[in-house]
Amino acid sequence: MKQAAIPLLVLVIIVGLAILTSWPSSSLEADHYQKFRDGKSLYSLLNSRIRTGQRLDEVESILGPATPLTDGVVEVRTQLQQEALQFPDRYPQGVYDDDSFVTYQIENGKLLLQLRNGVLVNHDPLTFEEFASPSDIAGGGRNALPQEELSIGGSGF
């Protein structure tokens, strides 16, 4: 009887490890955004999982690959610099000439994130607080979509 128990125990351990390694490591919200590119899920993730100071690869591990902004960078940067002068509390880290930007696609446009040396700056999760909802896979919160487009400075583009 003891001899049969050891192979059975080994089999149970192997099956258990196989299940654990195949278990999805990212959240349902992130999977939903990456599949459908909907703003509700993205805004919820920007509220709950994305923080100033994260490296781009950390952000991409949650949101998926970003698209570098290549067209109109000078204009976007100039606009953000002007907004930073008017609303310094929205841009506590400022906007510098060597900052870069990436975008994430949503159904009604693109969302812009500001990077400095590959690190996210000037991101305020509270901007997206109304879209966070722990009970909704799509993260709709009180509103399914913003009432108006988010400004560039608020990470929206």
Side-chain angles (χ1 to χ4, degrees), residues 17 19-157:
L17 288 174
I19 291 171
L20 284 176
T21 58
S22 66
W23 198 266
S25 60
S26 61
S27 73
L28 290 174
E29 199 82 54
D31 291 341
H32 190 267
Y33 169 70
Q34 290 180 25
K35 185 173 182 179
F36 298 106
R37 300 293 184 214
D38 71 297
K40 295 182 293 184
S41 295
L42 180 59
Y43 300 150
S44 181
L45 291 165
L46 289 167
N47 172 258
S48 63
R49 306 236 351 243
I50 305 300
R51 300 285 181 256
T52 287
Q54 286 180 308
R55 294 184 325 270
L56 179 58
D57 63 334
E58 293 172 307
V59 172
E60 288 181 323
S61 73
I62 297 166
L63 301 179
T67 303
L69 182 66
T70 55
D71 294 332
V73 175
V74 173
E75 293 83 3
V76 168
R77 187 179 296 114
T78 300
Q79 182 179 351
L80 290 177
Q81 287 171 332
Q82 291 171 356
E83 284 186 33
L85 291 173
Q86 292 178 330
F87 308 102
D89 54 319
R90 292 186 195 168
Y91 300 89
Q93 296 162 317
V95 180
Y96 296 106
D97 289 340
D98 58 346
D99 289 350
S100 60
F101 305 94
V102 295
T103 62
Y104 280 94
Q105 188 69 39
I106 53 177
E107 65 274 337
N108 57 350
K110 295 178 183 177
L111 186 121
L112 183 77
L113 296 176
Q114 179 186 356
L115 303 168
R116 184 169 301 139
N117 298 321
V119 174
L120 184 63
V121 296
N122 293 325
H123 172 69
D124 182 5
L126 296 178
T127 303
F128 305 96
E129 187 173 38
E130 69 181 286
F131 301 101
S133 174
S135 62
D136 184 9
I137 289 178
R142 291 178 293 229
N143 298 313
L145 292 173
Q147 298 303 313
E148 57 186 65
E149 237 356 86
L150 296 171
S151 70
I152 292 176
S155 296
F157 180 67

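We're numbering straight along the sequence, starting at 1.
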Please examine the side chains of Leu42 and Gln105, heavy atoms only from C-beta on, and report whether any two atoms are closer than 4.5 Å.
no
Out of curiosity, Gln79 CD to Glu83 CD, how far, rounded to the nearest 0.5 Å?
5.0 Å
Heavy-atom pair with the smallest gap, counting every atom of Ile106 and Gly39:
CG2-CA, 3.7 Å
Any side-chain heavy atom of Leu113 sitting closer than 4.5 Å to one from Leu46?
yes
Flag the pair Asn122 / Pro92 as yes when at least one side-chain heavy-atom distance between them is below 4.5 Å, and no otherwise.
yes
Could you check whether any side-chain heavy atom of Leu115 comes within less than 4.5 Å of a side-chain heavy atom of Leu120, counting everything from C-beta outward?
yes
Donor-acceptor pair, distance only, cut-off 3.5 Å: does the side chain of Ser44 make one with the backbone of Lys40?
no
Does the side chain of Val95 reach to within under 4.5 Å of the side chain of Gln114, using non-hydrogen atoms?
yes
If you compare all heavy atoms of His32 against all heavy atoms of Ser41, which two are closest, and at what distance to 0.1 Å?
ND1-OG, 2.8 Å
Given Phe128, which partner from the list Ile50, Leu111, Leu45 fulfils the side-chain contact (heavy atoms from CB on, under 4.5 Å) test?
Leu111
Scan side-chain atoms only and decide if Glu130 and Asn47 contain a donor-acceptor pair under the 3.5 Å cut-off.
no
Is the number of heavy atoms from other residues, nucleotides or ligands under 6.0 Å of Asp57 CG greater than 12?
yes
Any side-chain heavy-atom pair from Tyr104 and Val59 closer than 4.5 angstrom?
yes
For the CZ atom of Phe101 and the CG atom of Leu80, what is their distance to the nearest 0.5 Å?
5.0 Å
How long is the straight-line distance from CD of Glu107 back to CZ of Arg37, given to the nearest 0.5 Å?
11.5 Å
Side-chain donor/acceptor of Arg116 to backbone N/O of Gln93, under 3.5 Å:
yes
Atom pair CZ (Arg77) and CG (Asp97), whose distance is rounded to the nearest 0.5 Å:
6.0 Å
CD of Glu29 to CZ of Arg49, rounded to nearest 0.5 Å, is 9.5 Å
With rounding to the nearest 0.5 angstrom, report the CZ to CG distance, Arg55 to Asn117.
13.0 Å
Is the shortest side-chain heavy-atom distance between Tyr96 and Val121 below 4.5 Å?
no
Between Glu58 and Gly53, the two heavy atoms sitting closest are OE1-O, 4.5 Å
Is any side-chain heavy atom of Tyr33 closer than 4.5 Å to one of Ile62?
no
